[in-house]
Participant: 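Attaching a single structure in structure tokens format; questions to follow.
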Amino acid sequence: MGCFAISCVVTTLILVSVIVETNGGRVVEEKCDLFNGKWVLDDSYPLYEISNCPFIEKEFDCLSNGRPDQLYLKHRWQPTSCNLPRFNGYDLLRRLEGKSILFVGDSLSLNQWQSLTCMLHTAVPQAKYTSIRNGALSIFTFPSFDVKVKFSRNALLVDTVSEDIGRVLKLDSIEVANTWQGNDILIFDSWHWWLHTGRKQPWDFIQVGNRTYRDMDRLTAYTTALKTWAKWIDDNVDPTKTRVFFQGVSPDHANGTSWGESGLTSCKGQIRPFDGSNYPGGPHPAETVLKSVISTMSKPVYLLDITPLSQLRIDAHPSVYGHGGHRDLDCSHWCLPGVPDTWNVLLYAALSQN
Ligand SMILES: *[C@@H]1O[C@H](CO)[C@@H](O)[C@H](O)[C@H]1NC(C)=O
Ligand SMILES: *[C@@H]1O[C@H](CO)[C@@H](O)[C@H](O)[C@H]1NC(C)=O
């Protein structure tokens, strides 16, 4: 559509004033707490079809593992005082051009990384991608956008070293962090492995400074490790080059007491989110520690505060439809499509603010 010179000028002036208003509006939006809200039904959800995402891990693919109910796919997170942007994978890839994102964490981090690679791939299904795995590091690349989305499996963030006495978890040592250098966006998570005991516990001793312990209070150990991580970030990250995120603690639903159904010992059979926005279980203790450590840091870290919104999703775990189907009960991870897609919508909102 063409326009005469005068009306073009008028149009331009109107646009400028709209932009000023939008900027004014944005100030309000930045104050909006994206993590405070509720789950609403939205027929346009899920954000992708799992059949279009051939590289998904079987343990997250609840539909193919036989999950019959589908209401859990139809929920969108609605913040109370503003709207989240609709996820636009093409736009995100353009914004990330030439960059690399590194997720560092446990299988909940894997869950979010898988979700993001699905969300991006299904947005540009014709674009070539490569996916390689080298030990603990997985790299998903979109060559035509020059974008890398990586995942480094590292459940405890700090170092575990094999010594004569056995595997020593060193709460004040984080040499592994050198492998995080050179990425534009870092997204961390850690919590669940701090709880493991017996054969699943990936260390034999815990060490801090000169002291070696057989065991210690796990929340205390987690706090010490997070402080080591925080110091490394403060000492090593240049915020003009690297943005740092922390994925908040992902809640599990293995004990019905936390959502007011004290008889239940799993999430099995849950097909609806918890009704209401005040989760009876209250704030997660590890999340409280995480927030307090981040609040002492000198470098900016964006907390993806996904704990409360995920606490409401008692319906969204694989339950018996994980692990390739029916082997055991999984009330910790999340079906895909599902809740981690929302974590990525929140990540997208944070990344598209500037
Ligand atoms: C460990 O203890 C030894 C002997 O007491 C001391 O010389 C050394 O400085 C201590 N090292 C640390 C890291 O505290
Ligand atoms: C569930 O949580 C309640 C309250 O914290 C606790 O008393 C109970 O022992 C827990 N049940 C199981 C099976 O762990």
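Each ligand, and each atom within it, is numbered from 1 in the order the structure gives. Just so we're clear, the structure is a prediction, and the values are computed from it rather than from any experiment.
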Participant: Tell me whether K99 is salt-bridged to D184, with the criterion being a basic N under 4.0 Å from an acidic carboxylate O.
Facilitator: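 D184 and K99: not salt-bridged.
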
Participant: Can you check whether E175's main-chain N or O pairs, donor with acceptor, with D159's side chain at less than 3.5 Å?
Facilitator: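 Flag set: sc D159 to bb E175 pair under 3.5 Å.
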
Participant: Using protein heavy atoms only, decide if any is under 4.0 Å from atom 9 (O) of ligand 2.
Facilitator: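 For atom 9 (O) of ligand 2 the answer is no, since every protein heavy atom stays at 4.0 Å or beyond.
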
Participant: Check for a donor-acceptor pair, side chain of E261 on one end and backbone N or O of T265 on the other, with a separation under 3.5 Å.
Facilitator: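 A pair under 3.5 Å: no.
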
Participant: Nearest non-hydrogen contact with atom 2 (O) of ligand 2 belongs to which option: T257, T265, N255?
Facilitator: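 Ranked by closest heavy atom to atom 2 (O) of ligand 2, first place is N255.
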
Participant: What is the ring orientation for W180 with W232, classed by angle as parallel under 30°, tilted 30 to 60°, or perpendicular over 60°?
Facilitator: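 Ring orientation, 0 to 90° scale: perpendicular.
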
Participant: State whether any protein heavy atom lies less than 4.0 Å from atom 14 (O) of ligand 2.
Facilitator: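 It does: a protein heavy atom is found less than 4.0 Å away from atom 14 (O) of ligand 2.
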
